[in-house]
Colleague: 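Dumping the structure here so I can ask a few things about it.
Counting starts at 1 for both ligands and their atoms, following the listed order. The first residue of the sequence shown is numbered 1, and numbering continues consecutively from there. What's counted below: heavy atoms across the whole structure, side chains too, no hydrogens, waters or symmetry copies. Here the structure is a predicted model, which means the values were calculated and not measured.
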Amino acid sequence: GRHCLTDEVRHQFPILHQQVHGQPLVYLDNAATTQKPNAVLQALDHYYRCDNANVHRGVHALSERATWAMESARDTIQQFINAASREEVVFVRGTTEGINLVAHGVAESILQPGDEIVISAMEHHSNIVPWQLVCQRTQAVLKVIPILPSGELDLEAYQQLLSERSRLVAISHISNALGTINPVAKIISIAHDHGIPVLVDGAQAVAHTPVDVQALDCDFYVFSGHKVYGPTGIGVLYGKQVWLDRFPPYQGGGEMIRRVSFDHTEFNTLPYKFEAGTPAIAEAVGLGAALQWFSHYRQHSLWEHEATLLYQLQAQLKTLSGVTIIGNAKEKTAVCSFTVAGIHPHDLGTLLDHCGIAVRAGHHCAMPVMDFFNVPATVRASLAIYNTTEDIARLIKGLEQSMEFWQ
Ligand code: PMP
């Protein structure tokens, strides 16, 4: 049954088995970053103990092994997101760098003054600020799809917003502040009807829903390794080859060239054209291990497990007086933002920490969402594969104690 699966999974995460302030740790800050299973810890350890070398240019055994390990990770990623080719899988530092790379490419190769970039009001700052910077530089204009009080996107407004000047739609797959699963396939097909490419910010999605970039037909898909049980410092930009070929390099340096002279530099082929400098080799290997490990569990029963926990959490929160859940989308997963009347989210976060419960309190890098719901911040509990019904019970009990203490 489900319980056995969770037991089996929890066993593989050493960090979960510790006490915080004298209480067993309950980790509910997974939207910020996930914990790492033994499979990932061992892959990192093995890489540094046995294979560490620089990649791609060595003729010696260690360099060949390091290169093989990193390029195998790229193959794993290709399969994980079902990209058509490994050339379309670019290693970046994370979601943020992936979006900045695309913003740079779009600015350099497409945007003219008066062109429009379409984002939404529920984006993470990393899918807002790069576009603002690009718009300042190119005199393009940022258009924002509004959200509805339910925490869903206003798709009618979206259709009206598209124009002859729209050059790109950049949208999150799942909102880190609200948990809303956006209808990205529909958003993409509407954009494509107008010939507009779409970037999907998958930072919150890869760990919580199936991702098939060819089925979605997105033009770009970005995510961070650390939110899907892998290391920090590594992430993925998937881009359709036609776009990546069209974009100029993002950074110059080693690895991204084929031939350099002072008259002329010939750039390397995809994906290396976008991977200047020594890459985060161990982290890439760790991400490959994470996705291989996660592939094992990535199935209907996991989505069901997370949906059940979210349901339990929300149902129990609703029994507490003064609690308001922010974001009630029909399609929602793994994230629950809420406020408690009379207690600032930061104070609540601190009180919960004293009960050994890790949640996030703040604006979640989505200040426009906070503005829309007219709150300064929320408390956010976010789930992962290793969370249990007991974790939810501990959170609810911690909340009750905190609310009592505060009065
Ligand atoms: N987009 C979303 C939806 C996110 O949740 C996050 C991380 N909170 C990011 C982008 C940025 O990811 P990173 O900081 O790993 O680059």
Side-chain angles (χ1 to χ4, degrees), residues 27-36 40 77 81 90-104 119-133 144-145 147 151-153 169-184 187 198-209 211 218 220-238 250 280 283-284 286-287 290-291 306 326-327 329 331-337 358-370 372 377-384:
Y27 188 77
L28 291 169
D29 194 17
N30 294 289
T33 199
T34 55
Q35 301 303 345
K36 323 304 173 199
V40 171
I77 294 160
I81 59 173
V90 179
F91 283 120
V92 289
R93 273 195 301 135
T95 307
T96 303
E97 190 178 48
I99 295 171
N100 277 277
L101 194 162
V102 174
H104 174 265
I119 63 170
S120 91
M122 72 167 79
E123 298 312 308
H124 187 280
H125 295 162
S126 68
N127 200 25
I128 301 175
V129 182
W131 303 114
Q132 285 176 328
L133 294 173
V144 183
I145 308 166
I147 28 183
E152 290 162 318
L153 289 177
V169 174
I171 200 93
S172 55
H173 194 163
I174 295 181
S175 157
N176 71 309
L178 302 169
T180 309
I181 307 175
N182 287 316
V184 280
I187 289 168
V198 179
L199 174 143
V200 179
D201 169 357
Q204 293 298 334
V206 280
H208 302 292
T209 195
V211 173
C218 53
F220 307 98
Y221 197 97
V222 287
F223 66 96
S224 303
H226 69 95
K227 291 184 202 268
V228 61
Y229 310 107
T232 52
I234 191 78
V236 173
L237 161 64
Y238 158 81
Y250 180 48
E283 290 78 1
L287 176 55
L291 297 186
E306 292 181 344
I326 310 288
E331 299 291 329
K332 175 174 177 177
T333 191
V335 168
C336 182
S337 259
V359 295
R360 182 138 300 224
H363 52 66
H364 319 297
C365 296
M367 284 187 180
V369 175
M370 302 299 115
F372 178 80
T378 71
V379 176
R380 181 185 70 186
S382 52
L383 306 165

Colleague: Decide if the gap between the ring center of H124 and the ring center of H364 is smaller than 6.0 angstrom.
Modeller: no
Colleague: Report the relative orientation of the aromatic rings in Y221 and H173; use parallel for angles under 30°, tilted for 30 to 60°, perpendicular for over 60°.
Modeller: perpendicular
Colleague: Would you say the side chain of M122 lies within less than 4.5 Å of the side chain of L153, judging by non-hydrogen atoms?
Modeller: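 Yes, side chains in contact.
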Colleague: Give a yes or no answer on whether the side chain of T96 reaches the backbone of S126 with a donor-acceptor pair at less than 3.5 Å.
Modeller: no
Colleague: Answer with side chain, backbone, both or neither: which part of A203 has a heavy atom less than 4.0 angstrom from an atom of ligand 1?
Modeller: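 Side chain only; the backbone of A203 stays clear of ligand 1.
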Colleague: To check you understand the geometry: which heavy-atom pair defines the closest contact between V335 and S175, and what is its length?
Modeller: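 Heavy atoms of V335 and S175 come nearest at CG2-O, 4.4 Å.
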Colleague: Just to confirm my output: which protein heavy-atom neighbour is closest to atom 14 (O) of ligand 1, and how far is it?
Modeller: T96 OG1, 3.7 Å
Colleague: Number the atoms of ligand 1 from 1 as they appear, then name those within less than 4.0 Å of a heavy atom of S224, with their elements.
Modeller: 12 (O), 13 (P), 15 (O), 16 (O)
Colleague: Could you check atom 8 (N) of ligand 1 against the protein and tell me its nearest heavy-atom contact, residue, atom and distance included?
Modeller: K227 NZ, 2.6 Å
Colleague: Looking only at protein heavy atoms, which one is nearest to atom 3 (C) of ligand 1, and how far off is it?
Modeller: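 The protein heavy atom lying closest is D201 OD2, 3.4 Å.
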Colleague: So is H226 close enough to ligand 1, meaning a heavy atom under 4.0 angstrom away?
Modeller: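 Within the 4.0 Å threshold, so yes.
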Colleague: At what distance is the nearest protein heavy atom to atom 10 (C) of ligand 1, and which residue and atom is it?
Modeller: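 Sorting protein heavy atoms by distance from atom 10 (C) of ligand 1 puts S126 OG, 3.1 Å first.
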Colleague: For ligand 1, is any non-hydrogen atom under 4.0 Å from R93's backbone (N, CA, C, O), its side chain (CB onward), both, or neither?
Modeller: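 For R93, no heavy atom sits under 4.0 Å from ligand 1.
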Colleague: Taking only heavy atoms of N176, which atoms of ligand 1 are found under 4.0 Å from at least one of them?
Modeller: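 Once the distances to N176 are compared, the set is 5 (O).
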Colleague: Atom 9 (C) of ligand 1: which of R360, E123, H124, Q204 has the nearest heavy atom?
Modeller: H124
Colleague: Counting N and O atoms only, with roles assigned by atom type, does the side chain of S337 sit under 3.5 Å from a partner on the main chain of A177, one being a donor and the other an acceptor?
Modeller: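 Flag set: sc S337 to bb A177 pair under 3.5 Å.
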Colleague: Is the backbone of N176 close enough, under 3.5 Å, to the side chain of R380 for a donor and an acceptor to pair up by distance?
Modeller: yes
